[in-house]
Amino acid sequence: MIQTEHLTIRRVEADDWKAIREIWAAVAGTWAAQYDTPNDLSDEAAEQRIRRWALFGRSREHRFYAVCLGEQVIGYYALHLREDTYELGYCFHPAFHGKGLAREGLAAVLDEMAPLKQEGITGIEAGTALANTPSVRLLLSLGFRQTGTEKVSFYKDEEGRDIVFDGGRFLLAW
């Protein structure tokens with residue numbers, strides 16, 4: 001468990017599925033939803049997915065962290081080992097955007113992971129839409145640097161054509 005000034009960060013537990021589904025549902029109604037893979041919000045799908053996350057427990061390959069403000073899960077970080085780097089994903093309930101909590105929590109998680117460089121891990125990678133300026137600012141404020149761009153699509157228009165946006169690739173190298 002990681003404790004910051006405002007947050008408790010712990011591994012995701014199976015019982016977190018309702019809170020995480022609520023986060024997904026809230027984000028689905030925002031402008032940011034266009035920049036991420038849609039989540040199945042049914043009880044069964046959400047519960048199964050979060051139970052799988054919880055099974056990884058203390059896994060080195062997959063790390064799922066619940067970010068809690070008091071007892072409330074307000075977001076999460078997901079890290080997946082890809083050869084010698086981790087790929088980072090994150091999501092926070094929109095009610096907590098713009099308050100510095102994602103940065104506070106992620107800084108603490110990155111500090112906890114830094115000793116992995118002794119095991120050959122060279123850094124953390126992340127991708128985000130370049131138009132998602134809050135996410136870009138978050139990554140840059142933590143020392144990530146943009147290493148490239150890519151065309152990304154998660155949705156189709158009414159005529160079945162991909163809706164494409166510019167994504168940025170970011171790296172925090174150790």
Side-chain angles (χ1 to χ4, degrees), residues 1-4 6-82 86-110 112-113 124-129 131-136 138-139 150 152-165 167-168 170:
M1 186 171 352
I2 304 168
Q3 195 69 47
T4 70
H6 300 103
L7 303 169
T8 301
I9 303 157
R10 58 170 172 73
R11 293 295 183 115
V12 165
E13 299 168 356
D15 289 343
D16 293 330
W17 73 269
K18 287 181 183 177
I20 292 174
R21 184 198 57 207
E22 288 176 20
I23 292 167
W24 291 338
V27 169
T30 70
W31 62 270
Q34 66 186 316
Y35 300 127
D36 205 357
T37 308
N39 290 293
D40 184 337
L41 299 177
S42 69
D43 284 357
E44 182 179 342
E47 185 175 12
Q48 285 179 3
R49 184 170 180 197
I50 301 312
R51 284 191 186 283
R52 281 193 309 272
W53 288 10
L55 288 175
F56 288 106
R58 302 298 307 165
S59 167
R60 184 175 185 268
E61 289 78 21
H62 304 285
R63 297 166 178 252
F64 297 98
Y65 295 95
V67 181
C68 305
L69 185 61
E71 296 297 315
Q72 182 181 6
V73 177
I74 64 168
Y76 64 86
Y77 305 113
L79 293 122
H80 305 284
L81 187 58
R82 306 278 188 249
Y86 277 91
E87 183 173 23
L88 167 68
Y90 47 91
C91 185
F92 274 70
H93 192 288
F96 298 94
H97 288 183
K99 300 180 185 314
L101 297 172
R103 185 186 192 293
E104 178 181 326
L106 187 52
V109 168
L110 295 173
E112 180 184 273
M113 294 187 68
I124 310 286
E125 296 180 86
T128 192
N132 185 347
T133 54
S135 188
V136 170
L138 169 65
L139 294 171
E150 60 189 349
V152 183
S153 174
F154 295 114
Y155 297 94
K156 297 188 181 297
D157 65 16
E158 300 80 33
E159 293 158 13
R161 295 180 300 231
D162 287 334
I163 299 171
V164 179
F165 63 89
F170 295 83

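This is a predicted model, so every value here is computed, not measured. Position 1 is the first residue of the sequence; numbering continues from there.
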If you take all heavy atoms of Ile50 and Ala14, which pair is closest and at what distance?
CG2-O, 4.1 Å
Grab the two heavy atoms, one from Val73 and one from Ile23, that are nearest each other, plus how far apart they are.
O-CD1, 3.8 Å
Got a sec, which residues hit side chain to side chain donor-acceptor pair (under 3.5 Å) with [X], two or more places apart in sequence or on another chain?
X      : result
Glu22  : none
Asn132 : none
Thr4   : Glu104

Main chain of [Y], side chain of [X]: is a donor-acceptor contact present, judged purely on distance under 3.5 Å?
X      : Y      : value
Asp157 : Glu159 : yes
Gln3   : Leu7   : yes
Asp162 : Val164 : no

From [atom1] ([X]) to [atom2] ([Y]), nearest 0.5 Å:
X      : Y      : atom1 : atom2 : value
Trp17  : Trp53  : CH2   : CH2   : 14.0 Å
Arg60  : Leu79  : CZ    : CG    : 12.5 Å
Glu71  : Thr8   : CD    : OG1   : 8.0 Å
His6   : Ile74  : NE2   : CD1   : 10.5 Å
Cys91  : Trp24  : SG    : CH2   : 8.5 Å
Leu106 : Leu101 : CG    : CG    : 12.5 Å

Side-chain heavy atoms of [X] within contact of [Y], under 4.5 Å:
X      : Y      : answer
Ile2   : Val109 : yes
Arg58  : Arg63  : no
Leu139 : Thr128 : yes

Asp16 bridged to Arg10 by N-O distance under 4.0 Å
yes
Among all residues two or more places apart in sequence or in another chain, which pass the side-chain contact (heavy atoms from CB on, under 4.5 Å) test with Ala78?
Phe64, His80
In terms of heavy-atom contacts, does CD of Glu61 have more than 12 from other residues, nucleotides or ligands at under 6.0 Å?
yes
Report, one line per pair, each donor and acceptor closer than 3.5 Å where one atom sits in a side chain of residues 28-37; sequence neighbours left out.
{"residue": "Thr30", "atom": "OG1", "partner": "Val27", "partner atom": "O", "Å": "2.7"}
{"residue": "Thr30", "atom": "OG1", "partner": "Ala32", "partner atom": "N", "Å": "3.3"}
{"residue": "Gln34", "atom": "NE2", "partner": "Trp31", "partner atom": "O", "Å": "3.0"}

Test: Arg11 cationic atom under 6.0 Å from Tyr65 six-membered ring centre, within 45° of axis:
yes
Summary of ring-ring contact (aromatic ring centres under 6.0 Å, His included) pairs that have at least one residue in residues 90-109, sequence neighbours excluded
Tyr77-Phe92
